[in-house]
Amino acid sequence: SPNPAKNQVSVSGLSAGAANYIELTELSGRSILKKKVTGSNETINISAYSSGIYILRYFDGNKIQQQKVVKE
């Protein structure tokens with residue numbers, strides 16, 4: 001949240017682990033940010049990215065969850 005967002009996105013309900021990370025990609029699939037999960041909540045600064053639609057993926061070692069993020 002929030003979605004749409006201007007400067008940052010907060011992601012909650014995560015689990016920290018050696019193989020756990022979040023990744024932000026363009027719709028084309030190109031990875032533009034990858035961050036190791038260190039707690040149950042993570043904040044991603046998206047202020048430097050262009051307005052548009054991105055995909056935020058959470059990898060927890062066993063499964064992948066994804067959410068569309070709209071950058072204003």
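Note that these values count all heavy atoms, side chains included, but never hydrogens, waters or copies made by symmetry. Counting begins at 1 with the first residue of the sequence.
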Look up atom [atom1] in [X] and atom [atom2] in [Y], then write down how far apart they are to the nearest 0.5 Å.
X	Y	atom1	atom2	result
I22	N20	CD1	CG	10.5 Å
L24	L56	CG	CG	6.0 Å
T43	N7	OG1	CG	12.0 Å
I55	S28	CD1	OG	10.5 Å

Item to check | Joint cluster assignment, L27 & V69, ILVMFWY side-chain distance < 4.5 Å | outcome: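 L27 does not cluster with V69.
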Checklist entry - Out of curiosity, does I32 fall in the hydrophobic cluster containing I53 (side-chain heavy atoms, cut-off under 4.5 Å, transitive links)? => result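 As far as the 4.5 Å side-chain criterion goes, I32 and I53 are not connected within one cluster.
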Checklist entry - Which pairs, with at least one residue in residues 1-53 and sequence neighbours excluded, count as a ring pair (Phe, Tyr, Trp, His ring centres under 6.0 Å)? => result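 Sorted pair list: Y21-F59.
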Item to check | Pairs involving residues 8-17, ordered by first then second residue, that meet side chain to side chain donor-acceptor pair (under 3.5 Å) (sequence neighbours left out) | outcome: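 Qualifying pairs: none.
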Next on the checklist: Enumerate the side chain to side chain donor-acceptor pair (under 3.5 Å) contacts for residues 58-72, please, sequence neighbours excluded, ordered by first and then second residue.
Outcome noted: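 Passing the test, one end in residues 58-72: R57-Q66.
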Next on the checklist: Could you work out, with side chain to side chain donor-acceptor pair (under 3.5 Å) as the rule, every residue matching S50, not counting sequence neighbours?
Outcome noted: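 Partners of S50 under the side chain to side chain donor-acceptor pair (under 3.5 Å) test: none.
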Checklist entry - With E42, which residues qualify under side chain to side chain donor-acceptor pair (under 3.5 Å), at least two apart? => result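 In terms of side chain to side chain donor-acceptor pair (under 3.5 Å), with neighbours along the sequence ignored, E42 is linked to K35, T38.
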Item to check | side chain to side chain contact (heavy atoms under 4.5 Å, CB included) between N41 and V11, worked out | outcome: CA-CA 6 Å; N41 298 304; V11 185; over 6 Å; no
Item to check | Residue pairs passing the salt bridge (Lys or Arg N to Asp or Glu O under 4.0 Å) test where at least one lies in residues 14-28, sequence neighbours excluded | outcome: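 Checked against salt bridge (Lys or Arg N to Asp or Glu O under 4.0 Å) - neighbours excluded - the pairs reaching residues 14-28 are E26-R30.
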Checklist entry - Closest heavy-atom contact between A16 and G39? => result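 The answer is CB-N, 3.9 Å.
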Next on the checklist: Please evaluate residues L33 and I44 with respect to the criterion side chain to side chain contact (heavy atoms under 4.5 Å, CB included), reporting the C-alpha separation (whole Å), side-chain torsions for both, the decisive distance (0.1 Å), and the verdict.
Outcome noted: CA-CA 9 Å; L33 179 139; I44 301 170; 4.0 Å; yes
